[in-house]
Protein chains: 2
Amino acid sequence: MNSTARSESVSAGSGTKTAIRDAAVKLFDAKGFEQTSLREVADAVGITKASLYYHYPSKLDLLVAIINPIIEHMRAVTEDIKTVPFGPEGVRTILQRYIRGMLRNRDAGALCVRDTVAILNAMADRYPDLFEFGRQLGDWLAGPDPSPEQKLRASAALHVLEVALLSSEVAPEANEALIETTLLDAATCVLTACGTR
Amino acid sequence: MNSTARSESVSAGSGTKTAIRDAAVKLFDAKGFEQTSLREVADAVGITKASLYYHYPSKLDLLVAIINPIIEHMRAVTEDIKTVPFGPEGVRTILQRYIRGMLRNRDAGALCVRDTVAILNAMADRYPDLFEFGRQLGDWLAGPDPSPEQKLRASAALHVLEVALLSSEVAPEANEALIETTLLDAATCVLTACGTR
DNA sequence: GTCTATATACCGATAGAC
DNA sequence: GTCTATCGGTATATAGAC
């Protein structure tokens, strides 16, 4: 346990730096981004606030380091919808890519959902098009020249997939395959108006 | 326009007091509860911070005045599930009551969804059982002795209904009847696994 | 790379005049 | 009922020793 940089988990980097990130994720998720002070994060790691600033130049940079995977995934899916043709199998392809990316970054995603306003406003300067990603995806899902009902269904389908981020709380026994299958089925069902009406 | 207490809108009360509430709803929704200062609210109304404290004894009391209708509605539905028998028509009854209450208080509801963590933590002391309402409703919807898939579907169904709170943004042309019908159909569809799988 | 100490700013809330 | 002025607390971020 001596020498330099032994990896302690899957996503180890420089040691203290990833310890800061992990502690911040936990605290941001529990208390919210703005309501969590860097002193609390530093205390959880066992260092001081000044040392934290050595690894991350600002509180915003710490947040970006956490949710960057989510942003890049949203950007990638938003790019995909420009090439994938709209239709039943195209929709399923997009929805599958979307939910898999969220399952891959579950903790950071849960943070975004439960603290939407604060995070969106904090990132607005650095990522001005972040808000557009969700809207563009919704527009594509609603199809060409959509009715109000289709718009509602598209938005509802995306909200169904967001349950994946809360799945460890809702159904801890479910594995990723079951979550993906169930929510993907539910979302396509929402989109295609297959109800009992 | 002289004398005392002329009602200016549907929910008029003492004049300044409701003006504060309305300004606060708008600002809390745009910036988040904790990130909005009482100085900003006071400025929007055209009074000072000290005058605001004459009408509301604390920032938390202002928040409670805004989202109290939502809380009471959640409490009422949570009471309903103890008497309504579980089954297809019972589920539809509960879901309908749930979505109608959210449509009735759309602005306050949107605030709760987009600023969940901050609001939940702020209200935790005064309303300790607030978090339980959503969980109990999810448990009832999942049915007796639910499988992981049923738990996921119940949670997803509730998330579908939450789209009602964002409907003025997603589909401004849709009236309340269309919103209710569409989302109610989508939610029951999510629950009953009627997909194309 | 981690520390102590501090600069600067804003917050919620209160006191008291009018 | 609205105001000015202020208290006490905490926040982000920085300076500089080690």
Side-chain angles (χ1 to χ4, degrees), chain A residues 1-8 12-24 27-28 30-66 115 117-119 121-126, chain B residues 1-6 8 12-24 27-28 30-67 115 117-119 121-126:
Chain A
M1 191 104 78
N2 52 6
S3 183
T4 51
R6 285 272 291 114
S7 33
E8 299 174 353
S14 81
T16 322
K17 189 162 187 174
T18 61
I20 294 172
R21 203 207 82 109
D22 292 346
L27 285 167
F28 289 173
K31 308 191 42 174
F33 171 66
E34 301 279 7
Q35 202 58 16
T36 303
S37 73
L38 294 184
R39 199 185 98 82
E40 291 173 296
V41 179
D43 283 356
V45 181
I47 59 176
T48 62
K49 204 173 47 169
S51 295
L52 195 154
Y53 270 96
Y54 173 82
H55 296 280
Y56 295 94
S58 77
K59 192 187 184 185
L60 180 56
D61 283 283
L62 176 55
L63 177 65
V64 168
I66 290 173
D115 205 18
V117 192
I119 290 181
N121 283 332
M123 310 274 290
D125 289 340
R126 201 174 296 194
Chain B
M1 189 96 82
N2 51 6
S3 182
T4 50
R6 285 272 290 110
E8 299 174 353
S14 80
T16 320
K17 189 161 185 173
T18 61
I20 294 171
R21 204 207 83 108
D22 292 346
L27 285 168
F28 289 173
K31 309 191 43 176
F33 171 67
E34 300 279 8
Q35 201 58 16
T36 303
S37 74
L38 294 184
R39 198 185 101 80
E40 290 173 296
V41 179
D43 284 355
V45 180
I47 59 175
T48 61
K49 205 171 49 169
S51 295
L52 195 153
Y53 271 97
Y54 172 82
H55 296 279
Y56 295 94
S58 77
K59 193 186 183 184
L60 180 56
D61 283 285
L62 176 54
L63 177 65
V64 169
I66 291 173
I67 66 179
D115 205 20
V117 192
I119 290 181
N121 283 332
M123 310 274 290
D125 288 340
R126 202 173 296 195

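By convention in this document, chain letters (A, B, ...) are assigned in the order of the sequence lines, proteins followed by strands, and residues within each chain are numbered from 1.
For the pair B/Ile47 CD1 and D/dT4 C1', the computed distance is 15 Å after rounding to whole Å. For the pair A/Leu52 CG and C/dT4 P, the computed distance is 14 Å after rounding to whole Å. Atom-to-atom, OH of A/Tyr56 to P of D/dT12 comes out at 16 Å; the value is rounded to the nearest Å. One atom, CG of A/Leu60, and another, P of D/dA11, lie 18 Å apart when rounded to the nearest Å. As a whole-Å value, the separation of A/Arg39 CZ from D/dT14 C1' is 18 Å. The interatomic distance linking A/Lys49 (NZ) with D/dT10 (P) rounds to 12 Å, in whole Å. Regarding B/Asp43, its CG atom lies at a distance of 10 Å from the P atom of C/dC11, rounded to whole Å. Atom CD in A/Glu34 sits about 18 Å away from atom P in D/dT10, given to the nearest Å.
For A/Leu38, the listed nucleotide lying nearest its side chain is D/dT12; candidates were D/dT12, C/dT4, D/dG1. For B/Tyr54, the side-chain atoms get nearest to D/dG1 when compared with the rest of D/dT12, C/dG1, D/dG1. Among the nucleotides C/dG1, C/dT4, C/dG12, the one closest to any side-chain atom of A/Ala50 is C/dT4. In this structure, the nucleotide among D/dC3, D/dT14, C/dC3 sitting nearest to the side chain of A/Ser51 is C/dC3.
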**Message:** If you apply the rule side-chain contact (heavy atoms from CB on, under 4.5 Å), what do you find for B/Thr16 with B/Leu52, and how did you get there?
**Reply:** CA-CA 9 Å; B/Thr16 320; B/Leu52 195 153; over 6 Å; no

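Within the 4.0 Å cut-off from OP1 or OP2 of D/dT12, not a single side-chain nitrogen or oxygen of A/Ser58 is found.
Because its NZ or CZ atom is both nearer than 6.0 Å to the ring centre of B/Phe33 and within 45° of the ring axis, B/Lys59 counts as a cation-pi partner of that residue.
Here CD1 of A/Ile66 is found 8.5 Å from CD1 of A/Ile119. Values are rounded to the nearest 0.5 Å.
Backbone-only engagement by B/Ser37 is indicated by non-hydrogen atom pairs under 4.0 Å involving sugar-phosphate atoms exclusively.
Within a 6.0 Å radius of CZ in A/Arg39, no more than 12 heavy atoms belonging to other residues, nucleotides or ligands are found.
For the pair B/Arg126 and B/Asp61, the salt-bridge criterion is met [side-chain N within less than 4.0 Å of a carboxylate O].
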